[in-house]
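A short worksheet on the structure shown next.
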Amino acid sequence: MKKYGYFLREQRKLHNYTLAQIEQATGISNQNLSYWENDKRLPSIYFCELLADFYGISVDELIGRDTNYTEQDNYTQNNVHGNNTMHVTKNYSK
């Protein structure tokens with residue numbers, strides 16, 4: 001399992017912020033920030049967006065997701081026995 005807390009902590013350290021400074025600037029409690037950085041809980045998408053905006057990065061970058069890919073999505077919709085089924089194929093290449 002990916003350790004999201006590591007990436008959250010690294011962004012904070014990269015920008016030379018303390019937990020208290022982030023709490024003051026964003027309104028996110030010091031306790032929640034600590035839980036997230038120590039992988040005791042996961043932040044909601046709302047808080048991920050808030051932190052990403054605070055750091056000036058994407059949510060993908062915030063959680064350590066590789067952003068150096070090109071994405072090709074192929075969506076096809078089939079009608080199988082009267083039920084609509086969505087088939088999704090994603091190809092990631094560097």
Side-chain angles (χ1 to χ4, degrees):
M1 181 174 173
K2 195 176 225 181
K3 300 288 187 180
Y4 295 107
Y6 169 82
F7 298 108
L8 296 174
R9 185 180 302 108
E10 287 303 304
Q11 282 299 321
R12 180 174 60 81
K13 288 181 177 182
L14 179 68
H15 291 88
N16 295 314
Y17 287 116
T18 65
L19 291 174
Q21 289 171 317
I22 295 173
E23 179 180 31
Q24 185 176 18
T26 65
I28 301 171
S29 76
N30 187 316
Q31 184 178 24
N32 276 336
L33 292 164
S34 179
Y35 282 145
W36 300 338
E37 286 189 4
N38 290 297
D39 291 313
K40 292 183 179 183
R41 294 185 185 154
L42 290 174
S44 70
I45 290 176
Y46 170 79
F47 288 118
C48 287
E49 289 177 336
L50 187 63
L51 286 172
D53 289 346
F54 176 73
Y55 292 129
I57 60 175
S58 71
V59 172
D60 281 342
E61 290 171 298
L62 179 72
I63 63 171
R65 185 171 170 167
D66 186 3
T67 57
N68 296 320
Y69 62 80
T70 58
E71 184 175 344
Q72 177 184 4
D73 294 330
N74 300 313
Y75 297 96
T76 59
Q77 189 168 7
N78 296 323
N79 191 336
V80 179
H81 303 294
N83 296 323
N84 287 330
T85 306
M86 181 69 74
H87 298 280
V88 179
T89 305
K90 291 190 178 207
N91 298 315
Y92 297 96
S93 59
K94 290 189 178 192

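Count residues from 1 along the sequence. Everything numeric in this text was worked out from a predicted model, so none of it was measured.
- One hydrophobic cluster holds both Trp36 and Leu62 under the rule that ILVMFWY side chains link at heavy-atom gaps under 4.5 Å.
- With sequence neighbours left out, Tyr35 forms a side-chain hydrogen bond (donor to acceptor under 3.5 Å, both in side chains) with Gln31.
- Ile57 and Tyr4 are not part of a single hydrophobic cluster, where members link through side-chain heavy atoms under 4.5 Å apart.
- Taking Glu37 as the reference, Leu8, Arg9, Arg12, Leu19 meet the side chain to side chain contact (heavy atoms under 4.5 Å, CB included) condition, with sequence neighbours excluded.
- With sequence neighbours excluded, the residues forming a side-chain hydrogen bond (donor to acceptor under 3.5 Å, both in side chains) with Ser34 are Asn38, listed by chain and number.
- Listed by first and then second residue, the salt bridge (charged side-chain N to carboxylate O under 4.0 Å, His left out) pairs that reach into residues 15-27 come to none, sequence neighbours excluded.
- Put simply, the side chain of Asp60 never gets that close to the backbone of Arg65: no donor and acceptor are under 3.5 Å apart.
- Listed by chain and residue number, nothing satisfies the side-chain hydrogen bond (donor to acceptor under 3.5 Å, both in side chains) test with Gln24 (two or more places apart in sequence, or in another chain).
- Hydrophobic cluster membership for Phe7: Tyr6 (Ile, Leu, Val, Met, Phe, Trp, Tyr linked by side-chain heavy atoms under 4.5 Å, directly or transitively).
- Hydrophobic clustering, defined by side-chain heavy atoms of Ile, Leu, Val, Met, Phe, Trp and Tyr closer than 4.5 Å, leaves Val59 isolated from every other such residue.
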Cut-off 3.5 Å, no hydrogens considered: what does the side-chain donor-acceptor table look like for residues 40-56, sequence neighbours left out?
| from | atom 1 | to | atom 2 | distance (Å) |
| --- | --- | --- | --- | --- |
| Ser44 | OG | Tyr46 | N | 3.4 |
| Ser44 | OG | Phe47 | N | 3.4 |

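- The minimum heavy-atom distance between Ile22 and Leu33, with the atom names listed, is CG2-CD1, 3.7 Å.
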